[in-house]
Amino acid sequence: MVIDWNAFNLIHAIAGGVLIGIASVALMAINGRIAGISGILAGLFTPRSPELRWRLAFLVGMLMAPVAWRILATMPLPTPTIDASYSTLIVAGLLVGIGTRYGSGCTSGHGICGLSRLSPRSLVATLCFMLAGFGVVALVRLA
């Protein structure tokens, strides 16, 4: 994936971070739930009727955000370029899924919500995510 640094806007990045923070705090305050995407998605496969609505609403909101941006913003969405084969993407997705299960959560659950609650488990998990990412980048660049 290539990042177009010419299109990077610090104000948009800060605004996005603030919106993620507000959404995380709101979900915790209103539902008593952590905004970990893997847990929210997994809950759809074992639905309990009172939780199904908010889980669907959360995921639909995530999927509709780019649509809202396209309609309301003056700046176009960046076009991502992924320089990997489908097999590489499938293996990477499976490894992320396995890591999410072993780590008892994903980067959003641990990195955003867990660290803000000063969870030692989330600190260890986030460090492991980051170190694994650094290692993979180093291996790919050496190859």
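Since we're looking at a predicted model, the values are computed, not measured.
Put simply, CD1 on I22 and CG on L27 are 13.5 Å apart, with the number rounded to the nearest 0.5 Å. From F134, atom CZ reaches atom CG of L139 across 14.0 Å, with rounding to the nearest 0.5 Å. Atom CD1 of I34 sits about 10.0 Å away from atom CD1 of I40, to the nearest 0.5 Å.
Remark: V140 pairs with V136 by the side-chain contact (heavy atoms from CB on, under 4.5 Å) rule, at least two apart or across chains.
No continuous path of hydrophobic side-chain contacts links I20 to M28 [ILVMFWY only; heavy atoms under 4.5 Å]. Cluster membership for I14 and L19, using ILVMFWY side-chain heavy atoms within less than 4.5 angstrom, is not shared. Taken together through direct or relayed side-chain contacts under 4.5 Å among Ile, Leu, Val, Met, Phe, Trp and Tyr, F58 and M64 form parts of separate hydrophobic clusters. By the rule that hydrophobic residues join a cluster once side-chain heavy atoms approach within less than 4.5 Å of another member, M62 and L52 end up as members of one cluster. Linking Ile, Leu, Val, Met, Phe, Trp and Tyr whenever their side-chain heavy atoms come within less than 4.5 Å puts V60 and L72 in one cluster.
The side chain to side chain donor-acceptor pair (under 3.5 Å) analysis of residues 13-22, with sequence neighbours excluded, yields no pairs. Listed by first and then second residue, the ring pair (Phe, Tyr, Trp, His ring centres under 6.0 Å) pairs involving residues 9-35 are H12-W69 (not counting sequence neighbours). Within the structure, salt bridge (Lys or Arg N to Asp or Glu O under 4.0 Å) contacts touching residues 54-71 (residues at least two apart or in different chains) are E51-R55.
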Atom pairs and distances, side-chain donor-acceptor, residues 122-129, under 3.5 Å, sequence neighbours left out:
from	atom 1	to	atom 2	distance (Å)
S122	OG	H110	ND1	2.9
S122	OG	S119	OG	3.4
T126	OG1	S122	O	2.8

N/O donor to acceptor pairs below 3.5 angstrom from side-chain atoms of residues 88-105, sequence neighbours left out:
from	atom 1	to	atom 2	distance (Å)
T88	OG1	S85	OG	3.0
T100	OG1	V96	O	2.8

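Contact between G111 and L115 at its shortest, heavy atoms only, is O-CD1, 3.4 Å. G36 and S108 get closest at one heavy-atom pair: CA-OG, 3.6 Å. For the pair S116 and C113, the tightest heavy-atom approach, listed with the atom from each and the gap, is OG-O, 2.8 Å.
Atom CZ of R53 has 12 or fewer heavy atoms from other residues, nucleotides or ligands within 6.0 Å.
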